[in-house]
Every structure is written in C-alpha cells, then in structure tokens.
Protein chains: 2
Amino acid sequence: MVTITDIASPEDSSVDPFRAGCEPRVLLHTVGDKWVTLVVNMLGDGDARFSELQRSVGGVSRKMLAQTLRTLERDGLVVRTVYTNTPPRVVYSLTPLGRTLLVPLRAVRAWCEQYVDAVSDAQAEFDGRGDVQPAVSGSMPTPAR
Amino acid sequence: MVTITDIASPEDSSVDPFRAGCEPRVLLHTVGDKWVTLVVNMLGDGDARFSELQRSVGGVSRKMLAQTLRTLERDGLVVRTVYTNTPPRVVYSLTPLGRTLLVPLRAVRAWCEQYVDAVSDAQAEFDGRGDVQPAVSGSMPTPAR
DNA sequence: CCGTATCCGCGAGGATACTG
DNA sequence: CAGTATCCTCGCGGATACGG
C-alpha cells in the first residue's frame, strides 16, 4: 500500500515553495489532513481507545480512522498498545514527537476558534453583493515587482 | 457553486471534538488544505501576481490556484487588486486577518521542516521490519480510563 | 496575462460484511 | 472490541479549450 507520504516532489525540484530538498511539503500535507489534525488534537487530551476516538472525533468511519492511525503510527507520532485479553483493548497515545506536533496544531485550532466568526462574516459579505470591484485603472506598465 | 466551507456539521452536534457551535472544524479543513497553506505562506513573503504564485507554489494548476484564491478571498484572508491595463495585472495580498493566520501556519511549517527527518526515520524503521509487536499480555479488565 | 467552462479519469472514502 | 476486505460511488482535480 502506498500512502500520501510516499509521493515525491511535483517534478520541478528547482523551484521549491518550501525551501527543502526532502519535501516538507509532503509532511505538511499529512499534518494538515482533516482527520490527522482532529485525532492528534483528541489524543492531546489524553490516551484513547479506538472506539473512544471514533466517538469523540465524530463522523469518521472505522476505515478512515484506522488508516489515519496507521499513518500516524508509521510517522512515529502515535504509539499503539495492544492488550490481548477479551474483549481486546487497544490504546493509542502520542509519542514525544507527536506531542511536539500538538503545539503548532493547537495554535491553528485556536486560530480557527478565534476567527471563525470573522471568516463567517467575510463570507456573508462576499456572497451578499455581487461585489462590484472598483478595479484600479492601470498605470505602472509592469514594474520590477 | 458550493465549497467545502459551506458544509454543515457531521450530524451529531452533541459530541463535538472542536468544542464549538459554529464548527471551526470546517474552517480547520479549509485552513489545512494543501494549496491554501502553500499560497498563504507564499503571500506571507510578499504580494504576488497570479502567475508568480503559480510558479512559486509549483505543481498547481491554474484551476486549483484560482479556486484556492477565490476561497481565500471569500474568507477575507486575501485581497485581489485588479489593474485594468494591457496586459492585465492582478495582485494578491494578505489581509490583516490573513496575516494573523500566517503565524500558526508558519508554526506548522516550521515543525515540518524541523522534524521531517525524524518522521522519515520513523517511517523507515516502521517499514523496515514487519515489526513484531510484543503485545502487552492483558491484565486490567477494563479500567475507568 | 488572467482567468472560467467543459470533459473526464481516478482515487478517496462510505457501506457492508467478515475475522481474531 | 478492533480492525480488514470488498465493492462502489462521487467529486477532486488535471487537461484542454475558450473568453476578457
């Protein structure tokens, strides 16, 4: 199986938006993933079992949750502890590395919570009127940036 | 046209991973989007024209870039300034709100750059061996968390 | 140069059923 | 309980062509 973390650079490695040879862009994609952000945030509040995560995250299928957790485990962000009694118990928890990720991820989360209203307002205004833009009449032929 | 920012809560609003009534999850999804993060980061380094963005981001189609910029504009994170001369010029820049987003987004970016090697190593180790997990033999029937 | 419109392939991801 | 396997759909996103 091949996951998103395996894909290589677009094709042109000379122009790189994220100044790097080994593609943090790819990592960014993983980290920015919908379920990844939610799961890591949940685990940040304490270890949890599979079914606990499924309930607390809300709206995630078993398939996607398992897939997400596998990726996180593979990336060294989450550890999976199995208790082999019946009924079986599996507990997921963040690794030290995973906990470092929690910091910036919570910053993003905080931003969302803080500005969700502002964004909502902006959307309403944008959608409200056809938004007749003034359109600056051109001067400046084509300056050097 | 309906974008991702329009979709509502999963269905069960009682259990909410992101403690909110007005769904910052949805915003999170937008903010975590692949192209959004890249574009905002680029604009953080200075205003840019459409074609400049397309080149600097790398690997993005005109369609996706336009779509991304439209979303960002609608969300009040980016402003679009049109100069109506020939050849036409369109300059995109972050709004003050957009600049606030830049802070947490750059934190995530910094994390990716800092730990890309650690993650890469974890992946290698994970993939290397079939990873025969010890599996903790069960005690503790089912404690209260 | 800066987009939008149209077509379309492909893979993400839900539903369901089955194992340990 | 904690997944895996299989099917199937649906919309993301690339390619292409056209308009302002």
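All chains are named by letter (A, B, ...) in the order of the sequence lines, taking the proteins before the strands, and each is independently numbered beginning at 1.
Per the geometry, OH belonging to B/Tyr83 stands 18 Å off C1' belonging to C/dG3, to the nearest Å. When the P atom of C/dG13 is taken as reference, atom CG of A/Leu38 falls 13 Å away, rounded to whole Å. If you take CG of B/Leu65 and P of D/dA15, they are 15 Å apart, rounded to a whole angstrom. Between the CD atom of B/Gln54 and the P atom of C/dG3 there is a distance of 11 Å, given to the nearest Å. As a whole-Å value, the separation of B/Arg80 CZ from D/dG20 C1' is 12 Å. Protein atom CG of B/Leu53 is 10 Å distant from nucleotide atom P of C/dC2, rounded to whole Å. Note: CD (B/Gln67) to C1' (C/dT6) measures 14 Å, nearest angstrom. The nearest whole Å value for the distance from the CZ atom in B/Arg70 to the C1' atom in C/dT4 is 10 Å.
Counting heavy atoms from C-beta outward, A/Leu53 and A/Leu69 have side chains that approach closer than 4.5 Å. Side chains of B/Leu38 and B/Trp35 form a contact here, defined as non-hydrogen atoms less than 4.5 Å apart. In this structure, the side chains of B/Leu27 and A/Trp111 come closer than 4.5 Å at one or more pairs of heavy atoms.
Residue-environment remark: CZ (A/Arg106) exceeds the threshold of 12 foreign heavy atoms within 6.0 Å.
Of all the heavy atoms in B/Val31 and B/Val36, the pair that sits closest is O-CG1, 4.0 Å.
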Please write out the pairs of protein N or O atoms and N or O atoms of nucleotides 14-17 of chain C separated by less than 3.5 Å, giving the distance to one decimal.
unit_1 : atom_1 : unit_2  : atom_2 : d
C/dG14 : OP2    : A/Ser61 : OG     : 2.7
C/dG14 : O6     : A/Lys63 : NZ     : 2.6
C/dA17 : N6     : A/Arg62 : NH2    : 3.0

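Listed by chain and residue number, nothing satisfies the side chain to side chain contact (heavy atoms under 4.5 Å, CB included) test with A/Ser120 (two or more places apart in sequence, or in another chain).
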